[in-house]
Amino acid sequence: MPRYQAPRGTRDLLPADRAVFLRLEGIARSLAVRYGFSPIETPLFEQSEVFERGVGAVTDVVEKELFRVQAGRGDQERERWALRPEPTAGIVRAYVQHGMQTLPQPVRLTLTGPMFRYDRPQAGRYRQFWQFDVEAIGDAGPAIDAEIVELGLRFYREAGLDGVEVILNSIGDAACRPAYVERLRAWFMEREDRLPELERERLGTNPLRLLDSKDERMAELIAAAPTIADHLCAECATHFAAVRRHLEVLGVTPRLDPRLVRGLDYYTRTTFEFYRSGAEGQQQALGGGGRYDGLVELLGGKPTPGIGFGIGLDRVALALSAAGGSEPVAPRVPVVVAGADPEDTVTRLAIATRLRAAGITARADLAVRKLGRQLEAAAREGAHLVVICGDEMAAGQVQVKDLEAGTQRRVELADLAREIERTLAQHRHGAGEA
RNA sequence: GUGGCCUUAGCUCAAUCGGCAGAGCAUCGGAUUGUGGCUCCGAAGGUUACGGGUUCGAGCCCCGUAGGCCACCCCA
């Protein structure tokens with residue numbers, strides 16, 4: 001075991017893994033842009049208060065998972081910062097700071113990058129993980145809720161992941177939720193003697209969480225408990241119905257679950273989670289999001305509605321490999337420059353440099369080893385062509401060997417780049433037909 | 001933060017009752033001067049995760065720590 005290893009809950013994305021992430025990030029960005037979202041980047045850390053206020057001081061994310069940064073000399077500086085546990089608070093902070101309420105509303109923003117939570121690691125759960133995030137700030141209407149849910153589902157589909165479902169709920173707003181929460185608390189209080197100890201504690205802190213309990217002893221109670229759906233105010237009920245209607249037109253059939261309660265305080269009205277049906281294990285929430293109509297104001301802006309989602313790229317990658325997707329392969333270099341004289345690395349490097357200047361992906365074999373070894377290495381890494389520099393260099397020529405066809409011919413150095421380009425194009429064409 | 005299982009070469013894994021740490025793959029080199037994926041030969045690669053303890057002797061038994069996985073908690 002090496003002396004130094006990646007910190008607990010983090011991992012190196014080796015080339016094969018990184019290739020998968022690059023692909024997912026590319027799909028995410030182009031999809032978001034297609035839907036009219038503009039890429040934005042915010043700092044990986046913010047003032048702790050942004051998260052404490054934005055995400056909610058009594059949430060697990062802030063209470064026990066916030067990655068606080070210790071820096072600076074004075075007590076004032078110490079623990080003033082925290083690594084972002086989620087992207088929304090930072091984006092909303094930027095929205096307020098840069099006066100984006102003066103832009104045409106809603107402002108559509110997208111961000112893909114690492115998030116940090118000091119949680120206990122498990123498969124698919126890391127202390128540093130990647131999220132694809134979109135936020136639409138400044139539109140209270142139900143249509144955009146549907147648009148964003150549909151965007152999330154399309155991402156999974158384009159990534160090659162089938163069978164992703166959306167669970168949908170409305171958790172009300174400031175007008176109706178507090179009353180419902182109190183009612184729920186009272187209802188459970190009357191049955192406190194039937195609650196397991198853990199649930200009894202939650203009753204005091206966050207009664208909504210009881211609905212989410214996986215304790216079998218709770219099943220009967222949960223089924224009988226009053227549901228938020230029956231306690232939405234008229235405005236919330238209307239909004240929720242409209243969201244469902246819009247989704248139906250888009251061909252999206254959500255699974256309604258009045259027990260869907262999300263862990264961040266800022267959510268209002270529409271909340272949803274993406275998950276993979278039939279998947280094993282508990283880390284199968286592939287993404288989630290919702291509406292946060294009070295968040296902008298909470299962070300110092302004018303009252304402004306907003307909605308967005310975060311999708312966990314680590315879990316998408318995990319699900320893809322579990323689904324038996326083809327093993328990720330490190331990208332191959334199609335052209336290798338070899339030489340008859342093992343010592344003459346200068347010529348090989350110079351030729352490769354010329355090819356690269358002409359836009360060709362090429363690698364020079366810079367190891368001092370005989371030609372046979374160089375060819376062996378090129379063949380094993382899957383190169384298509386090998387340029388062999390030998391005596392013909394005196395006549396301004398090199399050999400170009402086609403490793404798959406087994407053919408080889410002399411080419412004028414002056415024509416080399418053009419010749420290679422032409423041959424590679426044939427290879428691509430052939431591969432396309434096969 | 002709680003509980004359970006696990007950790008031997010870069011990777012996947014062996015090692016009898018507590019008795020000399022091994023194989024395959026990968027890497028590097030050789031198989032007669034400038035021709036490849038196969039084959040053959042060889043080399044290198046280890047503080048058996050780390051630190052203690054028991055023992056004549058520990059990869060193996062005991063304790064602690066770290067890391068991984070699983071179940072909670074929670075979430076992506």
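Here is how names work: the chains are called A, B, and so on, in the same order as the sequence lines, proteins then strands, and each is numbered from 1. Side chains are part of it too, since the values below use all heavy atoms of this structure and drop only hydrogens, waters and symmetry mates. On a predicted model such as this, the values are computed, not experimentally measured, just so you know.
For the pair A/R369 CZ and B/rA31 C1', the interatomic distance rounds to 17 Å; values are reported in whole Å. Nucleotide B/rC69 holds its C1' atom 17 Å from the CG atom of A/D314, rounded to whole Å. Look at CG on A/L66: it is 15 Å from P on B/rA76, rounded to the nearest Å. One interatomic measurement links the two molecules: CZ of A/F67 to P of B/rA76, which rounds to 18 Å at whole-angstrom precision. Atom CG in A/L318 sits roughly 12 Å away from atom C1' in B/rC69 (whole-Å rounding). Distance CZ (A/F132) to C1' (B/rA76): 14 Å, rounded to an integer number of Å. Taking atom CG of A/D119 as the reference point, atom C1' of B/rC72 lies 12 Å away to the nearest angstrom. For A/R259 and B/rC75, the CZ to C1' distance is 17 Å, given to the nearest whole Å.
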Report task. Give the intermediate values and the outcome of salt bridge (Lys or Arg N to Asp or Glu O under 4.0 Å) for residues A/R68 and A/E52. Result -> CA-CA 11 Å; A/R68 292 179 187 277; A/E52 287 160 359; 3.0 Å; yes
Between the protein and nucleotides 64-68 of chain B, list the N/O to N/O atom pairs that are separated by less than 3.5 angstrom.
| from | atom 1 | to | atom 2 | distance (Å) |
| --- | --- | --- | --- | --- |
| B/rG68 | OP1 | A/G9 | N | 2.9 |
| B/rG68 | OP2 | A/R8 | NE | 2.8 |

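A heavy atom closer than 4.0 Å to some atom of RNA chain B occurs in no member of residues 147-164 of chain A.
Taking a 6.0 Å sphere around CD of A/E25, one finds it holds more than 12 heavy atoms contributed by other residues, nucleotides or ligands.
Separation of the C1' atoms belonging to B/rG51 and B/rA14 is 27 Å when rounded to the nearest angstrom. Using atom C1' as the reference point in both B/rA66 and B/rA23, the two lie 29 Å apart (nearest Å). Taking atom P in both B/rU48 and B/rA9, one finds a spacing of 10 Å when rounded to whole Å. Atom P of B/rA26 sits at a distance of 9 Å from the matching atom of B/rU39, rounded to the whole Å. Taking the C1' atom of each, B/rA49 and B/rG68 are spaced 11 Å apart, rounded to whole Å. The same atom, P, is picked in B/rU16 and in B/rU7; the two are 14 Å apart, to the nearest Å. Between B/rG24 and B/rG19, the two P atoms lie 24 Å apart (nearest whole Å). For the C1' atom pair drawn from B/rC13 and B/rA31, the interatomic distance equals 31 Å after rounding to whole Å.
Applying the side-chain hydrogen bond (donor to acceptor under 3.5 Å, both in side chains) rule to A/E86 yields the partners A/T88, A/Y266; only residues at least two apart in sequence or on another chain are considered. Residues passing the ring pair (Phe, Tyr, Trp, His ring centres under 6.0 Å) test with A/F129: none are found, sequence neighbours excluded. Scored by the ring pair (Phe, Tyr, Trp, His ring centres under 6.0 Å) test, A/F116 finds no partners at all (sequence neighbours excluded). Take A/Y180 and apply the ring pair (Phe, Tyr, Trp, His ring centres under 6.0 Å) test, not counting sequence neighbours, and it matches A/H231.
Across all strands, A/Y126 comes closer than 4.0 Å to base atoms (heavy-atom distances). Counting any heavy atom pair closer than 4.0 Å across all strands shown, A/D60 reaches sugar-phosphate atoms only and no base atom.
The list of ring pair (Phe, Tyr, Trp, His ring centres under 6.0 Å) pairs with a residue in residues 153-173 of chain A, not counting sequence neighbours, reads A/F132-A/F155, A/Y156-A/F274. The stretch residues 189-210 of chain A participates, sequence neighbours left out, in no ring pair (Phe, Tyr, Trp, His ring centres under 6.0 Å) pair at all. Contacts classified as side chain to side chain donor-acceptor pair (under 3.5 Å) and involving residues 384-400 of chain A (residues at least two apart or in different chains) are given here: A/H384-A/E404, A/E392-A/Q399, A/Q397-A/R410, A/Q397-A/E412, A/Q399-A/Q408.
Both tests pass for A/R11 against the ring of A/Y126: distance under 6.0 Å to the centre and angle within 45° of the axis. At least one test fails for A/R183 against the ring of A/W187: distance under 6.0 Å to the centre or angle within 45° of the axis.
For A/Y118 and A/F67, the ring centers are positioned less than 6.0 Å apart.
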Query raised in the report: Reading nucleotides 33-38 of chain B 5' to 3', which nucleotides get B (base under 4.0 Å from a protein heavy atom), which S (sugar-phosphate only), which -?
Result: -BBBB-
Report task. Whenever both distances are under 3.5 Å in a Watson-Crick or G-U wobble pair, mark it; put RNA chain B into dot-bracket that way, with [ ] for crossing pairs and | when the partner is on another strand. Result -> (((((((..((((.....[..)))).(((((.......))))).....(((((..]....))))))))))))....
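To the nearest 0.5 angstrom, A/M393 atom CE is 7.5 Å from A/D344 atom CG.
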Hey, can you pull the donor-acceptor pairs under 3.5 Å for the side chains in residues 157-164 of chain A, sequence neighbours left out?
| from | atom 1 | to | atom 2 | distance (Å) |
| --- | --- | --- | --- | --- |
| A/E158 | OE1 | A/R34 | NH2 | 3.3 |
| A/E158 | OE2 | A/R34 | NH1 | 3.3 |

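Judged by distance alone, the side chain of A/R154 and the main-chain N or O of A/L31 form no donor-acceptor pair under 3.5 Å.
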